[in-house]
Amino acid sequence: MTDTETLRTAALASKAWPYEEARKLLKRWPHGKQAAMLFQTGYGPSGLPHIGTFTEVARTSMVRNAYKEMTGADTRLVAFSDDMDGLRKVPDNLPEQEMLRAHLDLPLSVVPDPFGTHPSFAAHNNARLRAFLDQFGFDYEFIAASDAYADGRFDEALKSILRHYDAIMAVMLPTLGEERRKTYSPIFPIHPDTGKVLQVPIEVVDADAGLIAYADPETGARREQSVLGGQAKCQWKVDWAMRWVAFGVDYEMAGKDLIDSVVQSGKIARVLGAKPPEGFNYEMFLDEAGAKISKSKGNGLTIEQWLTYAPIESLAFYIYREPKKARALSFSVIPRAVDEYYQFLASYPTQPIEQQLGNPVHHVHLGAVPTVDMPLTFGLLLNLVSVAMTEDKALLWRYVQRYAPQVSPATHPAIDGLLGYAIAYFRDFVAATLHKRAPDAREQAALADLDARFAALPADASAEDIQNEVYEAGKAAGFEPLRDWFKALYETLLGSSQGPRMGSFAALYGLAETRVLIAEALARAN
């Protein structure tokens, strides 16, 4: 059996969620599909791109890769930006608030960029999103609504919407309140004079010609207008269905908050004569306070913020896990995510293929998993920065090389990167929280005993030998359970309630330097 056949067999049997999702497509096209299987993700550039947008592209790419491993068939991924949507409100986290308010109801593709770097607000957000997707190496086709509407790619679908106007209204009206029903329209005309996206009722004049009529909100006069060539856009649930039909989308996932929209858009797609795509509804990320992340509130992490403190692969690792469980997405989750990512990465090469396909890093790296030697954890480096109290990376490297002489910035650039992240994370989140308390009487005796044990060890003692002495000192002092002893060490020596494996830390920081920490803790008790 070839490697490809082995992979395909294991993929078909794997219970990892991307393979479970990919199997839906095998049922959709049981005898294969002539054209490439089309995956789509959608993005509304009404606010700065946040991690939720990256999440959807990453997870969809994982399902796409799983399908390719199962079948070897061609696939495509479209990242679609709904930049024809009207600016309905101004996000609180943007500059130039008054300028933006002056452009309410205009398509995002023509609203000026408040940052002054791009032709429009949508272009700015689209560029930032694409930069992050490109940085991770995603294989995708980017399509902006403003281009697709203007160049006629949606014209036939728009005519079909007009032909099925009554059936679409029958789908949508029961879902709306009484007042909204009076003004609802599946298609929003773009006013030829003001350029605004109009939320007004329309009358179908000639579906085959794409002609509608509506009462001009500026004058009250009846106005006839084409919906073709960018002169109108669909209301978003209809827009979603229209894209599925126009592009032939096979798979698109969405957040749990959009379940109702998925249902309604699916009904509309069927009205238009198409089968809705496969997909699943993932749970939403929550902020530090447990609230749903919102672009308009700006309460979520941006991708730039994560990348300030950790590599992008750790973000992809975090979002891979438990997609149907609501999880916090805050700065506090970063250190653990980084270390768990590297733990899974280290175990991958020696695993049988069945376990590899269930290993998150297989999906993070879309099957092309790198080999990385990581002799130090991010948590350990973060504690090193905390006690060394320096942002001098060269000095920190001297500690690292005493612990692991074979390691250097040239041979282990990943560690060099983690040191930089640790410096930034300590500066912004840890420094102000540290408080080294004084040890109580029992802890003083145990620390003094530990100091004597350290004094008896050679300066180059191994992390394991140091850890054994830490255990023995805690046992001799009667700590039960021993985790209370480690908690005492963290609080008195490091100023935190959590910390690293003390043997590894002392080997990295140095026995003599660790004994200084013990002496300082004992001095605080006097």
Side-chain angles (χ1 to χ4, degrees), residues 335 375-405 407 415 418-427 429-479 482-526:
L376 296 95
T377 67
F378 182 61
L380 191 59
L381 293 175
L382 189 55
N383 283 114
L384 172 63
V385 175
S386 298
V387 296
M389 294 295 288
T390 179
E391 296 189 11
D392 185 343
K393 190 185 278 191
L395 175 59
L396 294 169
W397 260 110
R398 287 203 285 273
Y399 287 108
V400 171
Q401 289 177 318
R402 181 167 57 188
Y403 176 78
V407 172
I415 291 180
L418 286 189
L419 265 178
Y421 293 132
I423 290 169
Y425 195 89
F426 171 76
R427 179 187 64 236
F429 300 110
V430 179
T433 68
L434 294 182
H435 172 67
K436 296 179 182 180
R437 67 171 176 82
D440 61 26
R442 183 171 67 152
E443 292 165 348
Q444 290 178 53
L447 285 170
D449 178 36
L450 181 62
D451 182 63
R453 292 172 183 271
F454 280 0
L457 288 173
D460 61 349
S462 69
E464 202 59 43
D465 288 342
I466 298 171
Q467 185 72 9
N468 288 337
E469 296 300 337
V470 174
Y471 276 125
E472 292 304 319
K475 291 177 184 178
F479 281 94
L482 268 179
R483 65 173 172 269
D484 290 342
W485 167 230
F486 292 111
K487 186 171 184 288
L489 290 173
Y490 300 147
E491 291 177 348
T492 59
L493 303 186
L494 305 181
S496 174
S497 60
Q498 298 180 353
R501 195 169 187 267
M502 287 305 298
S504 298
F505 169 77
L508 172 64
Y509 189 53
L511 273 176
E513 289 81 355
T514 305
R515 291 186 64 201
V516 171
L517 295 179
I518 294 174
E520 290 173 348
L522 292 173
R524 284 194 296 274
N526 299 325

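Side chains included, hydrogens not; waters and symmetry mates left out as well; all remaining heavy atoms used.
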Can you find a pair of side-chain heavy atoms, one from [X] and one from [Y], that are under 4.5 Å apart?
X      : Y      : value
Thr377 : Pro500 : no
Met502 : Tyr490 : yes
Ile415 : Pro375 : yes
Phe505 : Val387 : yes

Heavy-atom pair with the smallest gap, counting every atom of [X] and [Y]:
X      : Y      : answer
Trp485 : Ala446 : CZ3-CB, 3.4 Å
Asp449 : Ala476 : OD2-CB, 4.2 Å
Leu434 : Ser496 : CD2-CB, 4.3 Å
Ile466 : Gly503 : CG2-CA, 3.8 Å
Thr514 : Ala506 : OG1-CA, 3.5 Å

TODO: Could you note down all residue pairs passing ring-ring contact (aromatic ring centres under 6.0 Å, His included) where residues 442-473 supplies at least one of them, sequence neighbours left out?
DONE: Tyr471-Phe486
- [ ] Return the set of residues passing side-chain hydrogen bond (donor to acceptor under 3.5 Å, both in side chains) with Glu520 (not counting sequence neighbours), or none when no residue passes.
- [x]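 In terms of side-chain hydrogen bond (donor to acceptor under 3.5 Å, both in side chains), with neighbours along the sequence ignored, Glu520 is linked to no residue.
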Task: Partner residues of Thr390 under the side-chain hydrogen bond (donor to acceptor under 3.5 Å, both in side chains) criterion, sequence neighbours left out - done: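 side-chain hydrogen bond (donor to acceptor under 3.5 Å, both in side chains) check on Thr390 returns nothing, list empty.
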Distance, nearest 0.5 Å, that separates [atom1] of [X] from [atom2] of [Y]:
X      : Y      : atom1 : atom2 : value
Arg453 : Leu511 : CZ    : CG    : 14.0 Å
Leu522 : Arg515 : CG    : CZ    : 11.0 Å
Phe378 : Leu419 : CZ    : CG    : 9.5 Å
Leu450 : Leu489 : CG    : CG    : 6.5 Å
Leu493 : Ser386 : CG    : OG    : 13.0 Å
Leu508 : Asn383 : CG    : CG    : 9.5 Å

- [ ] Keeping to residues at least two apart or across chains, list the salt bridge (charged side-chain N to carboxylate O under 4.0 Å, His left out) pairs with something in residues 431-447.
- [x]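 Output for this query lists Arg437-Glu443, Arg437-Glu491.
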Task: Contacts of Arg524 that satisfy salt bridge (charged side-chain N to carboxylate O under 4.0 Å, His left out) - sequence neighbours left out - done: none
Open item on the list: Tell me which pairs pass side-chain hydrogen bond (donor to acceptor under 3.5 Å, both in side chains) where either residue lies in residues 498-509, with sequence neighbours left out.
Closed with: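 Of all non-adjacent pairs touching residues 498-509, those that pass side-chain hydrogen bond (donor to acceptor under 3.5 Å, both in side chains) are Glu464-Arg501.
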Open item on the list: Using side-chain contact (heavy atoms from CB on, under 4.5 Å), reason through Trp397 and Val407 one step at a time and then give a plain yes or no.
Closed with: CA-CA 9 Å; Trp397 260 110; Val407 172; 3.4 Å; yes
Open item on the list: Out of the candidates Leu381, Val385, Asp392, only one should pair with Ile423 under the side-chain contact (heavy atoms from CB on, under 4.5 Å) rule; please name it.
Closed with: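 Of the listed options, the one satisfying the test is Val385.
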